[in-house]
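Small disclaimer: the values here were computed from a predicted structure and weren't measured. Naming: A, B, ... by sequence-line order, numbering from 1 per chain.
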2 protein chains.
Amino acid sequence: MSNSADSPNPPFVPNYLLYLLAAASEAASEHFHAHVRTRGLRVPEWRVMACLIDTDGSMVTELARYAMIEQSRLTKIIIQMDTRGLVTRRSDPKDGRRVRVFLTPQGRALADELVADAKIDEQELLRSFQGGQGPEIKQTLRALIEHLEFSQSEPAQRKTADAES
Amino acid sequence: MSNSADSPNPPFVPNYLLYLLAAASEAASEHFHAHVRTRGLRVPEWRVMACLIDTDGSMVTELARYAMIEQSRLTKIIIQMDTRGLVTRRSDPKDGRRVRVFLTPQGRALADELVADAKIDEQELLRSFQGGQGPEIKQTLRALIEHLEFSQSEPAQRKTADAES
DNA sequence: AAGAATTATATGAAAATTCATGTTTCTTGC
DNA sequence: GCAAGAAACATGAATTTTCATATAATTCTT
């Protein structure tokens with residue numbers, strides 16, 4: 001009486017795919033995210049920096065997709081990061097609606113450092129997870145993501161009990 | 001010019017384990033979470049309900065761990081759900097500090113429905129992902145989570161470049 | 001059995017997020 | 001070339017979330 005599986009039949013949550021994904025993501029990220037905060041960044045800010053390492057000068061909307069942050073939220077985050085001198089915003093000369101975001105030298109220095117740290121953290125994680133299904137996991141996740149992105153454009157699939165009387 | 005991998009060397013983000021985990025979680029959840037909102041719940045509320053289906057009457061702290069929600073936030077969410085008649089709070093007679101949370105009949109009805117929907121959604125997801133590494137994924141994730149929970153108690157492991165001059 | 005320490009939850013103020021919508025700048029069709 | 005529409009960002013108010021800490025109820029110490 002007070003086990004993790006109190007119910008008669010097998011528990012739902014710990015076997016539910018979406019829970020497993022969220023829990024794995026959280027558990028795997030916890031350590032490095034703590035490190036990120038140590039360096040004075042919140043996680044969404046780190047995400048922006050990491051994305052800019054790949055695609056410096058991308059526009060806000062692109063960045064939002066890439067960093068998985070909703071646009072208006074990202075705008076506010078970027079403004080803060082601009083104020084702190086981590087990034088710069090320049091409107092695109094070809095298209096005045098677009099705002100292109102760049103790392104400042106200071107921002108790049110920090111981002112470079114954190115990306116290096118992230119790579120080390122990832123290596124340790126994967127290495128310590130060897131023996132089990134360590135190596136495959138990235139492949140599996142990539143496949144899942146691709147599959148999901150595909151079946152998003154492809155409708156007439158998952159319908160989720162339409163609850164219409 | 002304007003590819004997803006604009007940089008010379010391979011991009012960091014799309015190959016980074018923590019990104020893959022977060023992206024997979026998001027992509028996989030998107031569809032069902034939209035359904036949850038349709039039913040008038042926000043995602044954290046749904047998580048609470050799902051957890052209570054497994055462990056009705058658990059205390060706030062347990063629920064917080066189980067649902068991966070920070071305690072003070074969970075308290076507020078639960079109070080709202082109480083107000084809406086989805087759950088009830090009773091202090092534990094054995095230990096007056098503890099608050100035990102129960103689904104109301106109404107809450108349970110909704111939770112049952114959504115859990116059923118979730119199971120269907122999960123089945124469709126896994127089925128459509130067959131052929132690829134469909135079946136293994138849950139096992140892999142469980143292994144990763146266990147591994148991480150273990151190496152949390154076991155320190156002297158991952159160190160993340162201590163940046164102390 | 002009193003006081004200290006600990007555990008469980010609640011609370012409040014500051015900050016972040018969401019959601020709907022405003023503004024500005026292109027695009028397109030006619 | 002101009003009006004209508006679309007695209008890209010910004011903004012503001014309402015709501016959530018966070019973080020530190022308060023409060024309350026146990027357990028531990030000696």
Side-chain angles (χ1 to χ4, degrees), chain A residues 2 22 25-26 29-30 33-34 36-49 51-52 55 57-84 86-102, chain B residues 2 22 25-26 29-30 33-34 36-49 51-52 55 57-84 86-102:
Chain A
S2 78
S25 179
E26 275 239 344
S29 303
E30 188 179 324
H33 284 177
V36 164
R37 282 183 284 265
T38 275
R39 308 293 284 127
L41 292 181
R42 284 169 304 153
V43 171
E45 292 166 339
W46 147 244
R47 287 193 171 145
V48 169
M49 308 265 283
C51 290
L52 288 177
T55 71
S58 57
M59 46 187 283
V60 171
T61 300
E62 288 170 349
L63 210 48
R65 269 200 307 278
Y66 204 45
M68 304 188 293
I69 299 175
E70 187 269 335
Q71 180 264 314
S72 79
R73 171 156 66 128
L74 179 59
T75 291
K76 285 164 185 166
I77 290 171
I78 285 173
I79 289 172
Q80 287 181 156
M81 295 176 74
D82 190 345
T83 302
R84 287 180 55 188
L86 296 170
V87 302
T88 296
R89 306 184 294 152
R90 300 208 282 278
S91 84
D92 188 323
K94 303 283 182 185
D95 184 340
R97 293 169 301 179
R98 301 181 172 181
V99 170
R100 301 209 165 266
V101 185
F102 299 87
Chain B
S2 80
S25 180
E26 274 237 345
S29 304
E30 188 178 324
H33 285 178
V36 164
R37 281 184 284 267
T38 274
R39 307 293 284 128
L41 292 180
R42 284 168 305 153
V43 171
E45 292 167 337
W46 147 243
R47 287 192 171 146
V48 169
M49 309 267 281
C51 290
L52 288 177
T55 72
S58 57
M59 46 187 283
V60 172
T61 300
E62 290 170 349
L63 210 50
R65 270 199 306 278
Y66 204 45
M68 306 188 294
I69 298 175
E70 187 270 335
Q71 179 263 314
S72 78
R73 166 149 79 122
L74 178 60
T75 290
K76 287 166 183 166
I77 290 170
I78 286 173
I79 290 172
Q80 286 182 153
M81 294 175 75
D82 190 344
T83 301
R84 287 178 57 187
L86 296 171
V87 301
T88 298
R89 306 185 295 152
R90 302 207 280 279
S91 82
D92 188 323
K94 304 282 183 185
D95 184 339
R97 293 168 301 180
R98 301 181 172 182
V99 170
R100 300 210 165 267
V101 185
F102 300 86

Identify, between A:Pro44 and A:Gln71, the residue whose nearest nucleotide on DNA chain C lies closer to the 5' end.
->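 Nearest-nucleotide comparison on DNA chain C picks A:Pro44.
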Specify the residue among A:Glu70 and A:Arg42 whose closest nucleotide of DNA chain C lies further upstream toward the 5′ end.
->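 So the residue in question is A:Arg42.
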Audit row: A:Arg100, A:Glu62, side chain to side chain contact (heavy atoms under 4.5 Å, CB included) steps and yes/no | CA-CA 10 Å; A:Arg100 301 209 165 266; A:Glu62 288 170 349; 4.1 Å; yes
Looking at B:Glu45 and B:Arg42, does any basic side-chain N land under 4.0 Å from a carboxylate oxygen?
->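 Yes.
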Quick one: are B:Ile78 and B:Arg89 in side-chain contact, heavy atoms under 4.5 Å?
->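 Contact flag for B:Ile78/B:Arg89 side chains = yes.
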Residue pair B:Thr61 / B:Arg98, side-chain heavy-atom distance below 4.5 Å =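 Side-chain contact under 4.5 Å: no.
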With B:Met81, the side-chain contact (heavy atoms from CB on, under 4.5 Å) member among B:Thr88, B:Leu86, B:Val101 |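 Of the listed options, the one satisfying the test is B:Leu86.
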Could you pull out the closest heavy-atom pair between [X] and [Y], with the gap in Å?
{"X": "A:Ala67", "Y": "A:Arg47", "result": "O-CD, 3.9 Å"}
{"X": "B:Phe102", "Y": "B:Gly57", "result": "CE2-CA, 3.4 Å"}
{"X": "A:Ser58", "Y": "A:Leu52", "result": "OG-CD2, 4.2 Å"}
{"X": "A:Ile69", "Y": "A:Pro44", "result": "CD1-O, 3.9 Å"}

Separation of [N] [atom2] from [X] [atom1] (nearest whole Å):
{"X": "A:Asp82", "N": "D:dA10", "atom1": "CG", "atom2": "P", "answer": "10 Å"}
{"X": "B:Asp95", "N": "D:dC28", "atom1": "CG", "atom2": "P", "answer": "12 Å"}
{"X": "A:Ile77", "N": "D:dT11", "atom1": "CD1", "atom2": "C1'", "answer": "15 Å"}
{"X": "A:Arg90", "N": "D:dC9", "atom1": "CZ", "atom2": "C1'", "answer": "18 Å"}
{"X": "A:Asp92", "N": "D:dA8", "atom1": "CG", "atom2": "P", "answer": "11 Å"}

Working for side chain to side chain contact (heavy atoms under 4.5 Å, CB included), residues B:Arg37 and B:Val43 | CA-CA 7 Å; B:Arg37 281 184 284 267; B:Val43 171; 3.6 Å; yes
Trace of the side chain to side chain contact (heavy atoms under 4.5 Å, CB included) decision for A:Arg84 with A:Leu41 | CA-CA 11 Å; A:Arg84 287 180 55 188; A:Leu41 292 181; 4.0 Å; yes
Could you go through nucleotides 12-14 of chain D and list every protein N or O atom that sits under 3.5 Å from one of its N or O atoms, giving the distance for each pair?
{"unit_1": "D:dG12", "atom_1": "O6", "unit_2": "A:Lys76", "atom_2": "NZ", "d": "2.5"}

Reckon B:Glu45 touches a base, only the sugar-phosphate, or nothing at all at heavy-atom distances under 4.0 Å?
->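 Here B:Glu45 touches no strand at all.
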Under 4.0 Å between any heavy atoms, over every strand shown, what does A:Arg100 touch: base, sugar-phosphate, or nothing? Just pick one.
->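 The residue A:Arg100 makes no contact with any strand.
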When you list every nucleotide of DNA chain C with an atom under 4.0 Å from a heavy atom of chain A, which one comes first 5' to 3', and which comes last?
->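 Terminal contacting nucleotides, 5' to 3': C:dA16 to C:dC26.
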Distances under 3.5 Å only, N/O to N/O: pair up the protein atoms with those of nucleotides 1-7 of chain D.
{"unit_1": "D:dA7", "atom_1": "O4'", "unit_2": "A:Arg97", "atom_2": "NH1", "d": "3.4"}

